[in-house]
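Step one of this worksheet: look at the structure below.
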Protein chains: 2
Amino acid sequence: MDELSELFKVLGDKNRLRIINLLKQRSLCVCEITEILKLAPSTVSRHLSILKHVGIIKDKKDKKWVVYSLNVCYDNVLITVLMPLVLSQLKDDEQAESDLRKLAGIDLNFVCKSKDASEIDSIKNEVTPKVSI
Amino acid sequence: MDELSELFKVLGDKNRLRIINLLKQRSLCVCEITEILKLAPSTVSRHLSILKHVGIIKDKKDKKWVVYSLNVCYDNVLITVLMPLVLSQLKDDEQAESDLRKLAGIDLNFVCKSKDASEIDSIKNEVTPKVSI
DNA sequence: ATTTCATTTCGATAAATATAAAAATGATTA
DNA sequence: TAATCATTTTTATATTTATCGAAATGAAAT
């Protein structure tokens, strides 16, 4: 019951749902999410650690950046069933779509100051794993 | 997104999950739930109104009591998918089972002072609608 | 080595939520 | 009609959670 209510609590925050929605598109560093959500970097970092703690997302270090992404498979049955449901609900959502548009138009040279041209290029060409609903 | 996060927020409270678990067994008045959860009646009433607001439960007036029960079908797609999942997760949960034992052993003459013998009898013989998971 | 950048942790504050006590409501019973 | 009971609403308080700014960390670039 604790596990159940904890997971629902984690999902019961709009900014965390916005992050999940963004990570559905592609993996992101903290700078990028901060830029779109217009929150303090420390706040975004906190949300990310909460999402990571319950196993919804994972991170990996890449040069200066910590790159976050959705987990593709979960060791938890509940999340495994819940996530496709959450992702499907984020379709056709106004806020979710607006965030994705903002993500598409983001200026990586400005948002992540130290990213060089080749890095930016590989991000733009990143293949998004399509999650089937 | 607001609807989604609101629903998760509602489900992200242990006492509300406990109430859902109890109502899975049979319909209940506020006194009974109060007795099992050991919360103030006003607090229980508040939780019930929150659950009712999102459409998870419904109420009906019966003499002095307001009898709450789980909705069997929902006008909301999300809840329709979510509820069976929640109910299945409440199986084999320690707290959930302990609450059900407490419910089985409850002394209705004491908890609901003004209930007469025939009322108590019909409650004990109430047929629980089995929800298929 | 020192500076710069990305991120996290810490500390403080603000906002939201859960809770209970008291008062109000409404209905039943004596 | 007055008293009792079940419930809800209101008000106040306690707790939790979200947020930010500042400081700390750590790694890369100069």
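What you see below is based on every heavy atom in this structure, not just the backbone, and it leaves out hydrogens, waters and symmetry mates. Letters A, B, ... are given to chains in the order of the sequence lines, protein chains preceding strands, and every chain is numbered from 1.
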Using atom CD1 of A:Ile33 as one end and atom P of C:dT7 as the other, report the distance to the nearest whole Å.
9 Å
Among residues at least two apart in sequence or on other chains, which ones pass side chain to side chain donor-acceptor pair (under 3.5 Å) with A:Glu3?
A:Asn76
Taking only nitrogen or oxygen atoms into account, show me every contact under 3.5 Å that the protein makes with nucleotides 10-13 of chain C, one pair per line with its distance.
none

Is A:Leu82 close to B:Leu82 at the side-chain level, that is, under 4.5 Å between some pair of heavy atoms?
yes
Enumerate, atom names and distances included, each donor-acceptor pair closer than 3.5 Å involving a side-chain atom of residues 33-46 of chain B, sequence neighbours excluded.
{"residue": "B:Thr34", "atom": "OG1", "partner": "B:Val30", "partner atom": "O", "Å": "2.7"}
{"residue": "B:Glu35", "atom": "OE2", "partner": "B:Lys38", "partner atom": "NZ", "Å": "3.3"}

Review item, nucleotides 15-18 of chain C N/O atoms under 3.5 Å of protein N/O:
{"residue": "C:dA18", "atom": "OP1", "partner": "B:Asp13", "partner atom": "OD2", "Å": "3.4"}
{"residue": "C:dA18", "atom": "OP1", "partner": "B:Arg16", "partner atom": "NH1", "Å": "3.3"}
{"residue": "C:dA18", "atom": "OP1", "partner": "B:Arg16", "partner atom": "NH2", "Å": "2.7"}

Any carboxylate oxygen within less than 4.0 angstrom of a Lys/Arg side-chain nitrogen, looking at A:Lys64 and A:Glu119?
no
From CG of B:Asp62 across to P of C:dG26 the rounded distance in Å is 19 Å
Would you check if the side chain of A:Asp13 reaches a backbone N or O of A:Arg16 as a donor-acceptor pair within less than 3.5 Å?
yes
Using salt bridge (charged side-chain N to carboxylate O under 4.0 Å, His left out) as the criterion, list what pairs up with B:Lys52, not counting sequence neighbours.
B:Asp59
Looking only at the side chain of B:Leu39 (C-beta and beyond, no hydrogens), which of the listed nucleotides D:dT8, C:dA20, C:dT7 gets closest?
C:dA20
Looking at B:Tyr68, I'd like to know whether one of its side-chain N or O atoms comes within less than 4.0 Å of OP1 or OP2 on D:dT8.
yes
Heavy-atom check, side chain of A:Asp99 versus side chain of A:Gln95, under 4.5 Å:
yes
Choose from C:dA6, D:dT7, D:dA27 the nucleotide whose nearest atom is closest to any side-chain atom of A:Trp65.
C:dA6
Given atom NZ of A:Lys52 and atom C1' of C:dT7, what is their separation to the nearest angstrom?
12 Å
Where does DNA chain D pair, written as one dot-bracket string 5' to 3', with Watson-Crick or G-U pairs under 3.5 Å, ( ) inside the strand, [ ] for crossing pairs and | for another strand?
||||||||||||||||||||||||||||||
Could you tell me how far apart B:Lys14 (NZ) and C:dT19 (C1') are, to the nearest whole angstrom?
16 Å
Between A:Ile19 and A:Leu23, does a side-chain contact (heavy atoms from CB on, under 4.5 Å) hold up when you go through it step by step?
CA-CA 6 Å; A:Ile19 291 174; A:Leu23 293 178; 3.9 Å; yes
May I have the distance from A:Arg18 (atom CZ) to D:dA18 (atom P), rounded to whole angstrom?
15 Å
B:Asp59 has an atom CG; how far is it from atom C1' of C:dG26, in whole Å?
15 Å
A:Gln25 side chain vs A:Leu22 backbone, donor-acceptor pair below 3.5 Å:
no
Using atom CG of B:Leu37 as one end and atom P of C:dT19 as the other, report the distance to the nearest whole Å.
9 Å
Check whether any side-chain heavy atom of B:Ile56 sits under 4.5 Å from a side-chain heavy atom of B:Leu11, and report yes or no.
yes
For atom NZ of A:Lys61 and atom P of C:dT7, their distance in whole Å:
8 Å
Are the side chain of B:Asp62 and the backbone of B:Val67 linked by a donor-acceptor contact shorter than 3.5 Å?
no
